[in-house]
Amino acid sequence: MARVFVYDDREFPDPDPEMSVEQVKGVLADFYGEIANASVKETKRGDDTIFEFQRRVGTKGAGASARS
């Protein structure tokens with residue numbers, strides 16, 4: 001049973017089975033900065049556990065009103 005990490009349709013092997021998913025997320029965020037704010041979706045594929053990092057869709061500045 002292996003852990004596989006997926007981001008942007010790319011699969012990454014487990015860097016260290018002793019690391020938590022959040023620790024792996026931190027390692028991958030060094031290379032893909034947007035992973036730092038991504039949500040994690042866990043699914044099964046056969047005996048493997050897939051952890052998919054999904055970009056969060058935000059509404060940056062949605063609460064601010066426009067002033068002229």
Side-chain angles (χ1 to χ4, degrees):
M1 180 164 20
R3 297 189 307 175
V4 179
F5 297 90
V6 177
Y7 176 67
D8 200 21
D9 294 325
R10 295 184 195 127
E11 290 191 4
F12 301 92
D14 193 347
D16 182 351
E18 297 294 317
M19 294 174 78
S20 70
V21 173
E22 287 299 313
Q23 288 172 318
V24 173
K25 182 178 173 182
V27 169
L28 291 175
D30 288 342
F31 301 98
Y32 303 95
E34 57 274 12
I35 287 179
N37 295 318
S39 61
V40 181
K41 178 182 173 186
E42 180 179 341
T43 57
K44 287 286 199 182
R45 183 173 66 194
D47 288 336
D48 296 342
T49 304
I50 309 300
F51 294 96
E52 183 177 357
F53 298 112
Q54 300 176 327
R55 290 183 197 132
R56 291 189 183 172
V57 178
T59 52
K60 187 175 179 181
S65 62
R67 294 188 181 133
S68 37

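Scope of the values below: all heavy atoms of this structure, side chains included, with no hydrogens, waters or symmetry mates.
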Less than 3.5 Å apart, which donor and acceptor atoms pair up between the side chains of residues 1-9 and the rest of the protein, not counting sequence neighbours?
| from | atom 1 | to | atom 2 | distance (Å) |
| --- | --- | --- | --- | --- |
| Arg3 | NE | Asp14 | OD2 | 2.7 |
| Arg3 | NH1 | Met19 | O | 3.0 |
| Arg3 | NH2 | Asp14 | OD1 | 3.0 |
| Arg3 | NH2 | Asp14 | OD2 | 3.1 |
| Arg3 | NH2 | Asp16 | O | 3.2 |
| Arg3 | NH2 | Met19 | O | 2.9 |
| Tyr7 | OH | Glu34 | OE2 | 2.7 |
| Tyr7 | OH | Arg55 | NE | 3.0 |
| Tyr7 | OH | Arg55 | NH2 | 3.4 |

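Within the structure, every pair that satisfies the ring-ring contact (aromatic ring centres under 6.0 Å, His included) test and touches residues 8-30, not counting sequence neighbours, is listed here: Phe12-Tyr32.
Across Ala29 and Ala36, no two heavy atoms sit closer than the pair CB-N, 3.9 Å.
In the hydrophobic clustering of ILVMFWY residues, with side-chain heavy atoms under 4.5 Å counting as a link, Val40 and Ile35 come out together.
Contact of the Thr49 side chain with the Lys44 side chain is registered, since non-hydrogen atoms from C-beta on lie closer than 4.5 Å.
In this structure, Glu11 CD and Asp48 CG are separated by 9.0 Å, a value rounded to the nearest 0.5 Å.
For Glu18, there are no side-chain hydrogen bond (donor to acceptor under 3.5 Å, both in side chains) partners two or more places apart in sequence or in a different chain.
For the pair Lys25 (side chain) and Phe53 (backbone), a donor-acceptor distance under 3.5 Å is absent.
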